[in-house]
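Input: a single structure, listed below in structure tokens.
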Amino acid sequence: TNIKDINQVLPYLELIAALATVAGIAIGVVKYLGKLFRKVLSPYQTYNHFLKRNYSEVYREALSKYYIPTRAQEIDPCNQEEIRNNNGKFYSFLLIPFFKKEAFKRSSTGKYFLVLADSGMGKTTFLLKLYKECVRGMGIRYYKRVEMLPLAERECVEKIKKIPDAERTVLLLDGLDENNEAIEDCDTFFSKLISATMHFNKVVITCRTQFYASASDEPSRTGVIHVGNGNKSCEIVRKYISPFSDEEVKLYLRKRFRFKKIIQQKALSIVNFVPDLMVRPIVLNWIEFLCDAKEEYQYTFQIYETIIQKWIEREELGSNGNKLYELSADIANYMYQAESTTIPADRVDKIAVKKHIDLKPIIAKSRSLLNRNSAGDYKFAHRSFLEYFIVDNILRRMVMPDNTDFLWSLSGAKRFLFERLIYAAMKTDRKQFESANKQIADNVDYSGASNVMEFLQNPKIQMNCRNDQN
């Protein structure tokens, strides 16, 4: 009887054992998958945490929704008088695919990459997108980790030294020009940075072009002797971010205002006012601010006033913002007197000292509205900024300068001047405005300054021009 009872119970015991085995296997699989998912998701979580910690919600939204793929080239676009003229003259390529398919390949000999661009050209945006693409490629490609660090952070070099598994890590460093030590002594800091990063798999550094005095001063080799590499130092591959093309500007507007056709049309009309300026991503980021204005922009100078104000605010110089404006105006005055669109670097320093402007020379050159060309001279980020400040100087002083031939050679300056005068006349007297408008229509070549001086003789117009500065 006992044996019979055991035989009856045995199938149930076997079933329980089988279920326990299956449950054990299932728990093991779940634990493995959980560990795998955590391993896969961890870099994304780190990336998202990095974004939330360092960038505003508005910036993150623009990064995810409105990004236009970054293009780059071998030649600095600042060598052109206007960077918009760069498009079509030099070969450009998509920068992120370059890193994914060429630079980060196992067979690639390049280790250090320096990505250079002017203010507002999208260096940080590019690096964040590259960060995300590197996260996607981990485990598939031969590197295991990707780390991004803003060089503006304190003790950034010490933080770099603490990053584990450097040999299998891609290191992305943003903003060499924003590091305080680099501002004080760039060469010393750069050598320290190279020493701290020499064991990393790949290193990508971004920097403003104008941070260096000339193209010859931009680092091309690390200066660090590597074991097994003889007496040769490691080459630094330099790439320059290209400005937006007209098609990319329109694509951005379609993305930004996809379901807002009326605002899209208004934005397009603003772009048509200043097409050369809108090839810079940072300026396009302000397009919604321009579109939100209660009044329609009637004149180009009104758009420039807003853009310059936002650009200076972006530099986060606090109370020095007004000094930055004064510095830019004084530099424009120097260029006008010299009848040149460029200024030597040492003159920028002298103007800052002479005007008692408390800005370190390197900050004045890196954070003003100036850019550097390959010869080491400085020019405004866009020639129209120079033209704007020239006219602003004339109207603040209410004196027409002697060298008017140079003034009339600057088409943008002529436009700004007559727009400001028409605006002042319109606020003074409607008939005066109509008269001014007719004179400009009849004198489209702006061959002389007599009508300008007639406007300046009117005390009310002088007052309106001065008040307009506020």
Side-chain angles (χ1 to χ4, degrees), residues 78-82 118 210 213-214 276-277 300-301 304-305 307-308 311-312 320 322-421 424 445-457 461-462 465-466 468-469:
C78 261
N79 289 339
Q80 297 292 308
E81 184 174 357
E82 301 296 350
D118 293 338
Q210 61 268 36
S214 65
D276 291 340
L277 202 57
T300 310
F301 81 86
Y304 275 74
E305 283 180 344
I307 288 176
I308 290 173
W311 199 320
I312 290 177
N320 282 333
N322 187 52
K323 293 181 179 181
L324 183 57
Y325 188 98
E326 293 174 6
L327 177 65
S328 300
D330 289 333
I331 288 171
N333 186 56
Y334 172 88
M335 290 180 177
Y336 184 81
Q337 298 300 328
E339 299 189 6
S340 172
T341 58
T342 61
I343 180 174
D346 61 336
R347 291 300 306 181
V348 177
D349 301 336
K350 290 179 180 178
I351 291 174
V353 172
K354 184 178 180 181
K355 296 297 181 180
H356 305 290
I357 297 175
D358 187 21
L359 291 172
K360 293 179 181 180
I362 191 68
I363 290 292
K365 289 178 286 193
S366 285
R367 292 192 178 277
S368 71
L369 302 178
L370 296 172
N371 291 331
R372 176 191 57 75
N373 60 24
S374 59
D377 295 329
Y378 282 78
K379 61 187 183 69
F380 278 92
H382 191 270
R383 192 177 78 168
S384 55
F385 286 125
L386 166 63
E387 296 167 330
Y388 176 88
F389 281 115
I390 286 175
V391 170
D392 192 58
N393 287 335
I394 291 174
L395 294 180
R396 281 197 291 175
R397 295 175 174 86
M398 299 311 297
V399 176
M400 180 61 68
D402 295 330
N403 51 343
T404 54
D405 288 342
F406 182 63
L407 176 65
W408 303 140
S409 71
L410 301 171
S411 59
K414 291 182 292 187
R415 181 174 185 174
F416 285 135
L417 180 59
F418 281 89
E419 280 186 353
R420 292 280 292 270
L421 291 171
D445 61 348
Y446 311 108
S447 57
S450 59
N451 52 346
V452 177
M453 293 309 297
E454 289 175 9
F455 287 135
L456 294 179
Q457 299 302 318
I461 292 178
Q462 291 186 15
C465 284
R466 289 195 180 101
D468 189 47
Q469 172 62 23

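Just so you know, these numbers come straight off a predicted model, no measurement behind them.
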Q. What pair of heavy atoms forms the shortest contact from Asp377 to Pro344, and how long is it?
A. OD1-CA, 3.8 Å
Q.
For a quick test of reading the model, state the closest non-hydrogen atom pair linking Leu417 to Leu395 and the distance between them.
A. CD1-CD2, 4.1 Å
Q: Would you sort out whether Val348 and Tyr334 count as a side chain to side chain contact (heavy atoms under 4.5 Å, CB included), showing the intermediate values?
A: CA-CA 10 Å; Val348 177; Tyr334 172 88; over 6 Å; no
**Q.** Between OH on residue Tyr378 and OG1 on residue Thr341, distance to nearest 0.5 Å
**A.** 15.5 Å
Q) How many angstroms lie between atom CD1 of Ile390 and atom CD of Gln337, to the nearest 0.5 angstrom? A) 9.5 Å
Q.
With a 4.5 Å cut-off on side-chain heavy atoms, are Tyr336 and Phe389 touching?
A. no
Q: Grab the two heavy atoms, one from Met335 and one from Ile343, that are nearest each other, plus how far apart they are.
A: CE-CG2, 3.4 Å
Q) Distance-only, no hydrogens or angles: does the Asn393 side chain make a donor-acceptor pair with backbone N or O of Asp330 under 3.5 Å? A) no
(Q) Are the side chains of Arg420 and Ile394 in contact, using a 4.5 Å heavy-atom criterion? (A) no
Q: May I ask you to check whether Ser384 and Tyr304 show a side-chain donor-acceptor distance below 3.5 Å?
A: yes
Q.
For a 4.5 angstrom cut-off between non-hydrogen side-chain atoms, does Phe385 reach Ile307?
A. yes
**Q.** Candidate pair Thr342 and Lys379, rule side chain to side chain contact (heavy atoms under 4.5 Å, CB included), full reasoning
**A.** CA-CA 5 Å; Thr342 61; Lys379 61 187 183 69; 4.2 Å; yes
Q: Looking only at non-hydrogen atoms, find the nearest pair between Phe380 and Ser328 and report the distance.
A: CZ-O, 3.3 Å
Q. Centres of the Tyr388 and Phe416 rings: under 6.0 Å?
A. yes
Q.
For a quick test of reading the model, state the closest non-hydrogen atom pair linking Phe301 to Glu419 and the distance between them.
A. N-OE1, 3.1 Å
